[in-house]
Amino acid sequence: MDDPIDQVVQLILEAGKVVVFTGAGVSTESGIPDFRSPGGIWSRYDPEDFTIQRFVADKEARKRNWQVRRELVSANYQPNPAHYAIVELEKLGKLSCVITQNIDGLHHTAGNSEENIIELHGTIKFSKCLECDDRLPLVDVLKRIEEGEEDPHCRKCGGLLKAATVSFGEAMPQDKMYQAERHSRECDLFIVIGSSLVVYPAASMPLIAKRAGAKLVIINYTPTEMDSRADVVVHAKAGEVMGAILEKVKQKRPSAG
Ligand code: APR
């Protein structure tokens, strides 16, 4: 069997616990640009503008940050076939969890269960106070900005408000890192979808899984630095191949009951 798609299908059929690890590439077919492809976000914005240090120190950077969040939220992006294929994996009882670097909330929108989604880099669905960690729906804060509050502060403690994402220089959520590491260690199949695998500690997850004995599949449009560690590599568009893979899994799986 040399067709990589068929190899992935076979690995899913044989697997008991599948971890899916997603990056921005799983959402580009929904219309959201990724970060490092040509034309991606870091070719249009300065990553330095998105560090926590700059956010705290520079009011103009905060305003630019809120503008980017407003564009992402108001565009009302929708899941694509890759997201729905991952929901299918959960429905088949194969999915241990989705570990995502994405903040777009599309795995929730597509229908994966909340408890099966680990958002390592947070979410734009909520804001957080940098002092007391109070959380609010982000749309409520964006409304305050539209009504003229250009640099929103926490109404409980006066601290700075920020989207509940993890910015460069900000601590990773320890509870989520622990959960992600545990799932990565315990799975028998780890599937990367749409990530360049260059940002740590998130990118350590496939290595943790591989070291613990899991099979590693990388589905990415372009080569990644971990391709040589993978058991199967598919260089293709996630929305196209994931739909085909799940269709074949459903055809070939032993019929339930
Ligand atoms: N199908 C498959 N792969 C795709 C698709 C697609 N439709 N579109 C893009 N890709 C691939 C690109 O080739 C690229 O290798 O997805 C990868 C996306 O890589 P990045 O843009 O680096 O995004 P990601 O890996 O998620 O970045 C990780 O970096 O800037 C930080 O916090 C940010 O969470 C982000 C982290």
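Atoms within a ligand are numbered from 1 in the order they appear, just like the ligands themselves.
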* Top protein contact for atom 30 (O) of ligand 1, by heavy-atom distance -> Trp42 NE1, 2.9 Å
* To do: Using a strict 4.0 Å cut-off to heavy atoms of Gly23, name the atoms of ligand 1 that fall inside it.
  => 26 (O)
* **Lys237 N/O to ligand 1 N/O under 3.5 Å** => no
* Please say whether more than 12 non-hydrogen atoms of neighbouring residues, nucleotides or ligands are located less than 6.0 Å from CD in Glu146. => yes
* Would Ala202 count as a contact of ligand 1 if the rule is a heavy atom under 4.0 Å away? -> no
* Asked: What protein heavy atom sits nearest atom 19 (O) of ligand 1, and how far off is it?
  -> Ser196 N, 3.3 Å
* Structure fact -> Residue, atom and distance of the protein heavy atom nearest atom 15 (O) of ligand 1 read Asn220 ND2, 2.9 Å
* **Proximal candidate to atom 9 (C) of ligand 1 [heavy atom criterion; set Ile32, Asn102, Asp34]** => Asp34
* Asked: What is the closest protein heavy atom to atom 25 (O) of ligand 1, and at what distance does it sit?
  -> Ser195 OG, 2.7 Å
* To do: Give the residue and atom name of whichever protein heavy atom lies nearest to atom 5 (C) of ligand 1, and the separation in Å to one decimal.
  => Gly25 O, 3.2 Å
* **SB check Glu88 Lys250 (cutoff 4.0 Å)** => yes
* Asked: Taking the six-membered ring for Trp, are Phe168 and Trp42 parallel (under 30°), tilted (30 to 60°) or perpendicular (over 60°)?
  -> tilted
* Asked: How many angstroms lie between atom CD1 of Ile41 and atom CZ of Phe35, to the nearest 0.5 angstrom?
  -> 4.5 Å
* Applying side-chain hydrogen bond (donor to acceptor under 3.5 Å, both in side chains), run through Gln67 and Arg64 and close with a yes or a no. => CA-CA 5 Å; Gln67 180 53 30; Arg64 288 193 292 274; over 6 Å; no
* Structure fact -> for atom 8 (N) of ligand 1, nearest protein heavy atom and its distance come out as Thr28 OG1, 2.8 Å
* To do: Would you check whether Ser37 reaches within less than 4.0 Å of ligand 1, judged by its heavy atoms?
  => yes
* So which of Arg62, Lys59, Lys162 actually passes salt bridge (charged side-chain N to carboxylate O under 4.0 Å, His left out) with Asp151? -> Arg62
* Check each of Arg36, Glu240, Met242, His121 against atom 29 (O) of ligand 1 and report the one with the nearest heavy atom. => Arg36
* Is the backbone N or O of Leu120 less than 3.5 Å from a side-chain atom of Gln101, with the two atoms forming a donor-acceptor pair by type? -> no
* Can you list the atoms of ligand 1 that are under 4.0 Å from a heavy atom of Phe168? -> 30 (O), 31 (C)
* To do: With heavy atoms under 4.0 Å as the rule, classify the contact between Ala236 and ligand 1 as side chain, backbone, both or neither.
  => backbone
* Asked: Hey, does Gly239 come in under 3.5 Å of ligand 1, counting only N/O atoms on both sides?
  -> no
* **Check: Gln101 N/O within less than 3.5 Å of ligand 1 N/O** => yes
* For Thr109 and Gly105, indicate whether the former's side chain and the latter's backbone hold a donor-acceptor pair under 3.5 Å. => yes
* **Atoms of ligand 1 close to Glu29 [distance to a heavy atom under 4.0 angstrom, numbered from 1]** => 1 (N), 6 (C), 7 (N)
* **Arg229 atom CZ, over 12 foreign heavy atoms within 6.0 Å** => no
* To do: Examine distances only and state if a side-chain atom of Lys128 and a backbone atom of Thr165 form a donor-acceptor pair shorter than 3.5 Å.
  => yes
* Starting from atom 36 (C) of ligand 1, which protein heavy atom do you reach first, and at what distance in Å? -> Val199 CG2, 3.8 Å
* Quick one: does Ala238 get an N or O within less than 3.5 Å of an N or O on ligand 1? -> yes
* Mark the output for Phe50 as yes if a heavy-atom distance to ligand 1 is under 4.0 Å, and as no if none is. => no
* To do: Please determine if Phe35 has a nitrogen or oxygen closer than 3.5 Å to a nitrogen or oxygen of ligand 1.
  => yes
* Establish, from distance only, whether the side-chain atoms of Glu186 and Ser96 form a donor-acceptor pair under 3.5 Å. => no
* Kindly compute the distance separating CG (Leu136) from CG (Leu142), expressed to the nearest 0.5 Å. => 11.0 Å
* Asked: In terms of side-chain geometry, is the basic nitrogen of Glu131 or Lys156 positioned less than 4.0 Å from the acidic oxygen of its partner?
  -> no
* May I ask you to identify the nearest protein heavy atom to atom 13 (O) of ligand 1, giving residue, atom name and distance to one decimal place in Å? => Thr222 OG1, 2.7 Å
* Can you spot which of Asp227, Thr222, Asn220 makes a side-chain hydrogen bond (donor to acceptor under 3.5 Å, both in side chains) with His235? => Asp227
* To do: Identify, by atom number and element, the atoms of ligand 1 in contact range of Gly194, meaning under 4.0 Å from any of its heavy atoms.
  => 3 (N), 16 (O), 17 (C), 18 (C)
